[in-house]
Amino acid sequence: RSGKMAKSTKLIDNEVFQAYATYTAIVLLKMMLMSLITAYFRITRKAFVNPEDTASFGKGDSAKKYLRTDPDVERVRRGHLNDLENIVPFVGIGLLYALSGPELSSALLHFRIFAGARILHTFAYLIPLPQPGRGLSWAVGYAVTFSMAYKVLKTVLLL
């Protein structure tokens, strides 16, 4: 099976694709959770960016004080942005990688390390943990995506 393109008619039966789907769902759900965490921090810190979001706190000047930035909200938002910058490429490159016919053990290693690195990155961002923890978890996930891209190009390169 190694080195052969997966047949699209039997894709859901392909173990590598099943692993890809599993770990992609995990990291996408984790990324979606960041939206809920952002909302939680906005509500508990009473820090909003849209005037209509402050309507329940009064009108006019009494509500305007809630139109502000908060360091905790911004920290969560930066973590979410980092997810977007790293998980989206993983989804695309990981799909190409899964379709390029890697060994299941190699694919699982890539997918598990990436998912673990992104989860650790989120904890490092939200707690916050001292550097280099967050930087290392980012670098590990980035290296995994780069490794998959390299293997895709090595397998299917047509220049």
Verdict with supporting geometry, D70 and K46, side-chain contact (heavy atoms from CB on, under 4.5 Å): CA-CA 9 Å; D70 178 86; K46 294 185 174 91; over 6 Å; no

What's the verdict on side-chain contact (heavy atoms from CB on, under 4.5 Å) for D83 and K30, showing C-alpha distance, side-chain angles and the deciding distance? CA-CA 9 Å; D83 275 350; K30 188 216 77 63; 2.4 Å; yes

For a side-chain contact (heavy atoms from CB on, under 4.5 Å) check, start with the C-alpha distance between V49 and L67, then their side-chain angles and the critical distance, and finish with the verdict. CA-CA 5 Å; V49 292; L67 290 174; 5.8 Å; no

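The shortest side-chain heavy-atom distance between I119 and F123 falls under the 4.5 Å cut-off. Side-chain contact check for N86 versus V27: every heavy-atom pair is 4.5 Å or farther apart. The closest side-chain heavy-atom distance from S35 to H80 is below 4.5 Å. Considering only heavy atoms from C-beta on, L81 stays 4.5 Å or farther from R78 through its side chain. Side-chain contact between R134 and P128 is absent, with no heavy atoms from C-beta onward closer than 4.5 Å. Under the 4.5 Å side-chain criterion, counting only non-hydrogen atoms from C-beta, V140 is in contact with I113.
Side chain of S106 to backbone of E103: no donor-acceptor contact under 3.5 angstrom is found. The backbone N or O of G135 sits less than 3.5 Å from a side-chain atom of Q131, completing a donor-acceptor pair. When atom types are taken as modelled, the side chain of R75 and the backbone of Y125 share a donor-acceptor pair closer than 3.5 angstrom. T122 places a side-chain N or O within 3.5 Å of a backbone atom of R118 that can act as its donor or acceptor partner.
For L108, the side chain to side chain contact (heavy atoms under 4.5 Å, CB included) criterion is met by A19, Y23, L104, R112, not counting sequence neighbours. Taking T24 as the reference, Y20, L28, F90, V91 meet the side chain to side chain contact (heavy atoms under 4.5 Å, CB included) condition, with sequence neighbours excluded.
Looking at R77 and N82, their side chains never bring a donor and an acceptor atom within 3.5 Å of each other.
For the pair R42 and F48, the NZ or CZ position fails the cation-pi test of under 6.0 Å to the six-membered ring centre and within 45 degrees of the ring normal.
Of all non-hydrogen atoms in P102 and A107, the two that sit nearest each other are CG-CB, 4.1 Å. Residues G141 and A117 share a closest heavy-atom pair of N-CB, 3.7 Å. Here the closest non-hydrogen pair linking A47 and T69 is CB-C, 4.5 Å.
One finds the CG atom of L109 at 8.5 Å from the OG atom of S147 (value rounded to the nearest 0.5 Å). Taken from CG in D53 to CG in N50, the straight-line distance is 4.5 Å, to the nearest 0.5 Å. Atom CD1 of I87 and atom NE2 of H121 lie 10.0 Å apart (nearest 0.5 Å). With rounding to the nearest 0.5 angstrom, the CG atom of L96 is 9.0 Å from the CG atom of L153. Distance check, rounded to the nearest 0.5 Å: CZ of F17 to CG of L99 gives 7.0 Å.
With ring centers used as reference points, H110 lies 6.0 Å or more from F114.
Under a hydrophobic clustering in which Ile, Leu, Val, Met, Phe, Trp and Tyr are joined whenever their side-chain heavy atoms come within less than 4.5 Å, directly or via other members, L120 and L129 fall into different clusters.
For residues 129-150, every residue pair satisfying the ring pair (Phe, Tyr, Trp, His ring centres under 6.0 Å) rule, not counting sequence neighbours, is listed here: W138-Y142.
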